[in-house]
Amino acid sequence: MGRLAGKTVVLCVTGGIAAYKAADLTSKLRQAGAQVRVLMTQSATQFITPMTFETLSGYRTVVDTFDRDFAWEVEHISLAKAADVFVIAPATANVIAKAAHGIADDMVTTTLLATKAPVVIAPAMNTGMYDAPVTQQNLQTLRARGFHIIDPAAGRLACGDSGRGKLPDTPTLLHGIEQALAPADLAGLRVLVTAGPTQEAMDPVRFLSNHSTGKMGYAIAARAALRGAEVTLVSGPTALDTPHGVQRVAVTSACEMYDAVVSRAPAQHMIVKAAAVGDYRPAQTATEKLKKGDGELTLTLARNPDILATLGQRKQPGQLLCGFAMETQDLLDNAAGKLRRKNCDMLVANSLRDEGAGFGTDTNIVTLLFADGRQEGLPIMPKDELADLILDRLLALRRQA
Ligand code: CTP
């Protein structure tokens, strides 16, 4: 969510019963660090008051171009320019029709016409109005013009009908807004990411594992999806929510991860192996709970397959392979060895000894190593920013190839 921080979101609320949901959106955008400037149509004020948005956004809500008390009123152009992203949620059939035809007769539509920012429209209305050919045609016009349309959800509507027309929940709206802010430079690419720890069962009760939380891999999957890639996330057990627009395949052990990854690998343009895969598993998994005895217990471990090395051996032409290495000593030498042995194009090396790097943190400090011997040391940065940077470097390698 960090990528909304510092962005100016112009949020236009138009007159439908879902207008109240825009209050939660305002609040969540602000929590994510965005500045929210709310514009309302006159009819929206019949459903929710401007004061609600003023309190939540910390800015004056602008209702129409004839509001003489407020500096913005003759300066809708300033708001149009200030916007990093322009959102209409909920968008009525009426505002969609006006937007499609360039009609500018209130604060919302005049500002919309003037903005160069990406525009996100979240239609919400009665099913019949939404399905009406003219509304669909207007939405098509806007899509063709590059507007981002967030499809309404289906369900029971306020009018008692059932069908498409509900304003989607806040996480879906936030995803749509983040997507509009992100470049669509991974569109058409399939990206597979692995994340989290593996668990190797000793018996039905116990397992061997590691401290990975999955944050780095999930951040990469989320950012790749926002940038337009078709993302598969093969994940060991974590407490994280599946990022929007990502297909998650849940696995437990290294052998399960091997099967899930190797079977999907040939179709991928990029594979990023951020998972902390257990190198060993108990040679035998007891079917019943192991009972303690009086003396020591010796556990025999069997080697797990190396997924990344297998992918390296079977790399498809043009496919890019990115590995990770976490080390406690000789970071760069060890990492360079792994890059070579596993036939990676890029390797992200981090040291568990660095403050601000490693398991469970929201930041990371890494050095990127490339197959041609280049190295790029990076400063401490949030994991979602690093996720974008890793994807940028992979995209650059793809463009070079
Ligand atoms: N990896 C893998 N399969 C394994 C072990 C590791 O795919 N069985 C991948 C990890 O996902 C990571 C990279 O290999 O991208 C490096 O993992 P790491 O544990 O640092 O390296 P190992 O090869 O296991 O070396 P060592 O444990 O000896 O440091």
Side-chain angles (χ1 to χ4, degrees), residues 191-201 207-221 224 232-238 248-266 268 270-283 301-315 319-354 357-360 364-371 375 383 386-387 390-391 393-394 397:
V191 177
L192 186 146
V193 182
T194 71
T198 59
Q199 292 178 355
E200 312 299 330
F207 56 79
L208 301 178
S209 190
N210 57 64
H211 292 297
S212 170
T213 58
K215 281 185 179 172
M216 191 65 242
Y218 275 61
I220 294 168
T232 307
L233 174 63
V234 179
S235 173
T238 73
R248 188 171 79 139
V249 180
V251 298
T252 304
S253 67
C255 288
E256 281 173 25
M257 186 174 279
Y258 178 94
D259 290 340
V261 172
V262 170
S263 62
R264 289 171 175 81
Q268 307 300 322
M270 296 177 184
I271 302 178
V272 183
K273 282 241 56 220
V277 185
D279 288 321
Y280 294 93
R281 64 180 182 277
L301 300 177
R303 266 296 297 269
N304 276 330
D306 190 317
I307 306 168
L308 186 56
T310 306
L311 297 176
Q313 282 158 14
R314 303 185 189 174
K315 197 154 59 170
Q319 187 177 62
L320 290 171
L321 205 51
C322 173
F324 273 69
M326 179 175 276
E327 306 289 346
T328 55
Q329 56 188 353
D330 301 328
L331 174 68
L332 295 181
D333 282 351
N334 279 326
K338 281 178 194 173
L339 174 99
R340 251 192 336 273
R341 276 200 307 282
K342 305 194 188 195
N343 195 20
C344 293
D345 301 281
M346 185 170 121
L347 196 119
V348 183
N350 58 20
S351 166
L352 202 52
R353 300 272 179 249
D354 285 339
F359 295 122
N364 215 343
I365 309 169
V366 306
T367 300
L368 304 182
L369 291 87
F370 297 90
Q375 293 187 0
K383 282 183 173 168
L386 177 59
I390 289 169
L391 293 166
R393 297 298 179 269
L394 286 171
L397 289 177

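Residue numbers count from 1 along this sequence. Order of appearance sets the numbers: ligands from 1, and atoms from 1 within every ligand.
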> Taking NZ, NE, NH1 and NH2 as the nitrogens, is one of them in Asp279 or Arg303 under 4.0 Å from a carboxylate oxygen of the other?
Replying inline: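 Looking at Asp279 and Arg303, the cut-off is not met.
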Of all the atoms in ligand 1, which lie at a distance below 4.0 Å from a heavy atom belonging to [X]?
X      : value
Gly323 : 15 (O)
Met326 : 20 (O)
Asp279 : 4 (C), 5 (C), 8 (N), 24 (O), 27 (O)
Ala325 : 20 (O)

Compute the shortest N/O to N/O distance between [X] and ligand 1 and return yes if it is under 3.5 Å, no if not.
X      : value
Phe324 : yes
Glu327 : no
Ala275 : yes

Polar side-chain atom of [X] near backbone of [Y] as donor-acceptor pair, under 3.5 Å:
X      : Y      : answer
Asn304 : Gly278 : yes
Gln319 : Gln268 : yes
Asn350 : Glu327 : no
Asn334 : Gln329 : yes
Asp345 : Leu321 : yes
Ser209 : Thr198 : yes
Glu200 : Ala254 : yes

> Nearest to atom 8 (N) of ligand 1 by heavy atom, Cys344, Pro305, Ser212: which?
Replying inline: Pro305
>> On a heavy-atom basis, I'd like to know which of Asn334, Leu308, Val261, Thr198 is closest to atom 7 (O) of ligand 1.
In response: Leu308
> Checking side chain to side chain donor-acceptor pair (under 3.5 Å) for the pair Tyr258/Ser253: CA distance, chi angles, key distance, verdict?
Replying inline: CA-CA 9 Å; Tyr258 178 94; Ser253 67; over 6 Å; no
> Which protein heavy atom lies closest to atom 15 (O) of ligand 1, and at what distance to 0.1 Å?
Replying inline: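 Closest protein heavy atom to atom 15 (O) of ligand 1: Lys273 O, 2.7 Å.
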>> Give me the nearest non-hydrogen protein atom to atom 18 (P) of ligand 1 as residue plus atom name, then the distance to 0.1 Å.
In response: Lys338 NZ, 3.5 Å
> Is the shortest distance from atom 28 (O) of ligand 1 to a protein heavy atom below 4.0 Å?
Replying inline: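 Within 4.0 Å of atom 28 (O) of ligand 1, no protein heavy atoms are found.
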> Lys342: heavy atom below 4.0 Å from ligand 1, yes or no?
Replying inline: yes
> Looking only at heavy atoms of Ala254, does any of them come nearer than 4.0 Å to an atom of ligand 1?
Replying inline: no
>> Could you check whether any side-chain heavy atom of Arg248 comes within less than 4.5 Å of a side-chain heavy atom of Tyr218, counting everything from C-beta outward?
In response: yes
> Which bit of Ile307 gets closer than 4.0 Å to ligand 1, counting heavy atoms only: side chain, backbone, both or neither?
Replying inline: both
